[in-house]
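The structure under discussion appears below in the form of structure tokens.
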Amino acid sequence: MKDDIQKVDSLEKLQELYTATFGKNGTMTAKLKTMATLSNEERAVLNNENTELRQLFKQKQTELENAALNAKLATEAVDVTLDVEPENKGTLHPLTWALKEIAAILESFGYTLWTGPEVEDDWHNFTALNTPEYHPARDMQDSFFFENGNVMRTQTSSIQIRAMEKLGAPIKMFGIGSTYRKEMDATHSPMFHQIEGLYVDKNVTMSDLIGTLRALLSKFFEKEIEIRIRPSYFPFTEPSVEFDMKWEGGKWLEMGGAGMVHPNVLRNCKIDPEKYQGFAFGFGWDRLAMLKYGLTDLRPFYDGDVRWLKNNGF
Ligand code: DAH
């Protein structure tokens, strides 16, 4: 009997054997029924046998249950050291990366981030920026107009107007966003992005502007950047400049426009130009990202081709 229990190799068979032993018609049950007819010694022997068999059944059951559990663990085990197929996770777009860096730098200089509408009215995109209707400077920006006179924002300069109208002076803000013009080639897209900075206070000067641009670009490119300004013309600044930065191989790259905010622009925003003056600057955020990441063509930024993004390490 003991051997029979030892030999059992499954829980079902053990159950069967248990029933055959201790069940209603089991062998042990039959024996136990004779208890009353036995002598004291015989009873003791039977009692021992009874206890021993029950223990053996219990032991065997535990043994088989453990074996079953171990077998299950072995087949369901996960090898955490195994290489897995890399998951295709999304990442931020390179333009977003570049923007996050620029924004962090400008915020560290005390500038506050602003946005504005992309469909802009004439006042904010042109007139308040000292570019009234029939002003020849409107031709500098080939624009998409709506029949009601609204325009797809051609420049983020419109955001500085909105900010000054709302907060007055002193003010230190930057605006970011998409801008639209009718142009298209390797370095121009009908939709592109600009960053605009504005600082108006009592003693803001041109040298503050140059220092700010130099510090901003040096931080962004993580090296000392040399800046050069050239006289230029924008209706909303006087004097106006364009600024270049010295790049690899000593080449000067044109970066953007800037200047001292024109008194008319301040007046249009109800700021007294006798009390306040300031500088403004604007440049292409796409171009900044292209230079940072060593790209020569602007268009793939907008193609949404995941292979291109991957090949360029994004
Ligand atoms: N809005 C100009 C453009 O799109 C760039 C610019 C020039 C912005 C001078 C400025 C500025 O704020 O002061 O070409």
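Whatever order the structure lists them in is the order used to number ligands and atoms, beginning at 1. If you read the sequence from its start, that first residue is 1, and numbering goes on from there.
Salt-bridge check for Lys292 with Glu222: passed, with a basic side-chain N closer than 4.0 Å to an acidic carboxylate O. In summary, Arg299 and Asp303 do not engage in a salt bridge, as defined by a charged side-chain N under 4.0 Å from a carboxylate O.
A search for side-chain hydrogen bond (donor to acceptor under 3.5 Å, both in side chains) contacts involving Lys100 returns nothing, not counting sequence neighbours. Looking at residues two or more places apart in sequence or on another chain, you find a side-chain hydrogen bond (donor to acceptor under 3.5 Å, both in side chains) between Gln194 and Thr156.
Protein residues having at least one heavy atom under 4.0 Å from any atom of ligand 1 are Gln141, Gln155, Ser157, Gln160, Arg181, Gln194, Glu196, Phe234, Phe236, Thr237, Gly257, Ala258, Gly259, Ala280, Phe281, Gly282, listed by chain and number.
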For Gln55 and Gln59, run side-chain hydrogen bond (donor to acceptor under 3.5 Å, both in side chains): C-alpha distance rounded to whole Å, both residues' side-chain angles, the deciding distance at 0.1 Å, then the answer. CA-CA 6 Å; Gln55 264 170 9; Gln59 264 170 26; 5.5 Å; no

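The salt bridge (charged side-chain N to carboxylate O under 4.0 Å, His left out) pairs that include a residue from residues 267-290 number zero, where partners must be two or more places apart or lie in different chains.
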